[in-house]
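From a predicted model like this one, the values you see are computed outputs, not experimental measurements.
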Amino acid sequence: MDRDFKTTIPRASIKDHILGICAFVGLLLVIGFMFWVIFFLEYINPYSLQRDGTYKICMKTDQCGIEFYVKSDIDKKYPAGTAARVEFEKNVIKDYIEENKDDCHYELWWKWQSVDPNYPTPECDKLQLMGINPTDP
């Protein structure tokens with residue numbers, strides 16, 4: 001009872017090959033577009049809260065004295081004393097508070113995990129000095 005079993009693999013049609021190639025090219029386009037958006041958004045921001053190779057010029061907000069960094073002098077695009085500058089600095093302050101709240105939550109978690117009741121929470125302290133409760137949403 002020896003049977004000769006032949007496995008046959010159906011050949012894909014040209015239509016299937018074209019669909020596969022189109023799907024692959026489409027996937028590459030989507031991935032490329034996503035990288036482009038991420039790259040574009042990274043460099044469109046006129047300021048950063050951290051100094052790096054792109055953002056080198058240190059400035060401070062008038063209201064809270066928060067340090068931030070810019071690529072070039074922003075006085076031309078956002079002249080001091082204008083509504084545009086006030087709005088610009090509001091965005092810096094909002095981002096600063098959001099970033100510090102995130103850091104503060106990590107500090108509070110580590111403090112909760114620690115056996116040391118005096119575990120330092122410098123980011124939480126910065127927010128409290130600004131009159132902001134770090135645990136408020």
same_hphob_cluster(Y69, I66) at 4.5 Å side-chain heavy-atom cutoff: no
Other cluster members, L28 - Ile/Leu/Val/Met/Phe/Trp/Tyr, side-chain contacts below 4.5 Å: F24
ring-ring contact (aromatic ring centres under 6.0 Å, His included) partners of Y78, counting only residues at least two apart: F88
Inter-residue atom distance Q63.CD - E89.CD, 0.5 Å rounding: 8.5 Å
Side-chain atoms of residues 112-119: list all donor-acceptor pairs with protein atoms under 3.5 Å, sequence neighbours left out, distances to 0.1 Å.
{"from": "S114", "atom 1": "OG", "to": "D116", "atom 2": "N", "distance (Å)": "2.8"}
{"from": "D116", "atom 1": "OD1", "to": "N118", "atom 2": "N", "distance (Å)": "2.9"}

Rounded distance (nearest 0.5 Å) linking atom CD of Q50 with atom OH of Y55: 11.0 Å
K101: salt bridge (charged side-chain N to carboxylate O under 4.0 Å, His left out) partners, not counting sequence neighbours: none
For E99, all residues meeting salt bridge (charged side-chain N to carboxylate O under 4.0 Å, His left out), sequence neighbours excluded: none
Pairs flagged by salt bridge (charged side-chain N to carboxylate O under 4.0 Å, His left out) wherever residues 117-126 is involved - sequence neighbours left out: E123-K126
Same cluster (ILVMFWY, side-chain, under 4.5 Å), V25 and F33: no
M130 vs C64, side chain to side chain contact (heavy atoms under 4.5 Å, CB included): CA-CA, chis, key distance, verdict: CA-CA 8 Å; M130 292 174 70; C64 300; 3.9 Å; yes
Salt bridge (charged side-chain N to carboxylate O under 4.0 Å, His left out) partners of D75, counting only residues at least two apart: R85
From OH (Y96) to CD1 (I132), nearest 0.5 Å: 9.0 Å
side-chain contact (heavy atoms from CB on, under 4.5 Å) partners for C22, two or more places apart: I18
For the student: nearest non-hydrogen atoms of I74 and F68, plus distance: CD1-CE1, 4.3 Å
Residues clustering with L108 (ILVMFWY side chains joined when closer than 4.5 Å, directly or via others): none
Any pair counted as disulfide bond (SG atoms under 2.5 Å apart), so long as it reaches residues 78-115, sequence neighbours left out: C104-C124
Residue pair I57, K71: steps toward the side chain to side chain contact (heavy atoms under 4.5 Å, CB included) verdict: CA-CA 6 Å; I57 301 170; K71 298 176 194 177; over 6 Å; no
For D95, all residues meeting side-chain contact (heavy atoms from CB on, under 4.5 Å), sequence neighbours excluded: Y47, L49, E98
Counterpart residues, salt bridge (charged side-chain N to carboxylate O under 4.0 Å, His left out), relative to E107 (two or more places apart): none
Residue pair I97, I93: steps toward the side chain to side chain contact (heavy atoms under 4.5 Å, CB included) verdict: CA-CA 6 Å; I97 290 170; I93 293 167; 3.8 Å; yes
